[in-house]
There are 2 protein chains.
Amino acid sequence: MGLQNTLKALSDPIRREILSLLKHKTMSAGEIVDHFSVTGASISRHLSILKEADLIRDTREGKYIYYELNTSVLEEIMLWITELKGEDGHDKNL
Amino acid sequence: MGLQNTLKALSDPIRREILSLLKHKTMSAGEIVDHFSVTGASISRHLSILKEADLIRDTREGKYIYYELNTSVLEEIMLWITELKGEDGHDKNL
DNA sequence: ACTATATTTAACAATTAGGTTAAATGTTAA
DNA sequence: TTAACATTTAACCTAATTGTTAAATATAGT
């Protein structure tokens, strides 16, 4: 869990692409697979990594499993970056 | 270059720790090494990855090589995340 | 129960990543 | 130039990542 998992998950281009796809609409695993040139098995593992990182949520609907984006964990990254940048230099919320 | 390199560089905990150290002051390679339990060679490779990603800059000063933080490339991540979150939902800059 | 479809899991191969030690490079000072 | 120190690079090892194909699981329809 945490920052480590999130950043690891984001460090793969296919996984980022998946997240971008899900920005527009939730999609079934199969629909997602169709957007890539790798096998379904490969995408499935990417999905499980994203899910593990809580960047996506899944709900089964009959035969299909739908994936939706969850951006809440991205806050942690934003925070870490903001802290690293140390806005504390030019008086923005002291 | 770009987002991929940056995220890859950030996906390792030692490298993130190095960046955090450099937030406070620029440090020589040796000083950085002292903060970790791995060998200097290992840290040196981490430094080269961070440098490749342009997250740090180095300047030789005599025997020593000093490293300093460069946060400018983090903007790209912030942008990517912001875009993914799609603030376009509750009318903030339409 | 059988078949078809959607998705995941297992087993394996190839590549990448991170660690170690030893050698190489660069710099300073005697 | 030699010695000492700081740092990187090379060679090597192991573990993790990513991809593939084949088998397993889950659901729906007949």
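In what follows, chains are A, B, ... by sequence order, proteins preceding strands, each numbered from 1. Excluded from the calculations below are hydrogen atoms, water molecules and symmetry mates; all remaining heavy atoms, backbone and side chain alike, are included. Keep in mind it's a predicted model, so treat the numbers as computed, not measured.
- Rounded to whole angstrom, the span from the CD1 atom of B:Ile14 across to the C1' atom of C:dT20 amounts to 13 Å.
- Minimum atom distance to the side chain of A:His46 is reached by D:dT18, of the listed D:dT9, C:dG26, D:dT18.
- Residue contacts shown for A:Lys8 are limited to sugar-phosphate atoms, with no base heavy atom under 4.0 Å away.
- One finds a salt bridge joining B:Glu75 and A:Lys85 here, because a Lys/Arg side-chain nitrogen approaches an Asp/Glu carboxylate oxygen to under 4.0 Å.
- Residue A:Phe36 is out of contact with every strand shown, counting any heavy-atom pair closer than 4.0 Å.
- At the heavy-atom level, A:Arg45 lies under 4.0 Å from base atoms of the strands shown.
- Checked against C:dT9, C:dG18, C:dT20, the side chain of B:Ile49 finds its nearest nucleotide in C:dG18.
- The side chain of B:Ile65 approaches D:dT7 more closely than any other nucleotide in the set D:dT7, C:dG19, D:dT20.
- The side chain of A:Ser42 sits closest to D:dT20 out of D:dT20, D:dT7, C:dG19.
- The side chain of A:Asp12 lies closest to D:dT18, out of D:dT9, C:dT8, D:dT18.
- For A:Ala41, the listed nucleotide lying nearest its side chain is D:dT21; candidates were D:dG19, D:dT7, D:dT21.
- If you check C:dG26, D:dT8, C:dT7 against the side chain of A:Ser28, the one that comes closest is C:dT7.
- Here B:Lys51 pairs with B:Asp58 under the salt bridge (Lys or Arg N to Asp or Glu O under 4.0 Å) rule; sequence neighbours left out.
- Nearest nucleotide to the B:Lys63 side chain, out of C:dT21, C:dG18, D:dA6: D:dA6.
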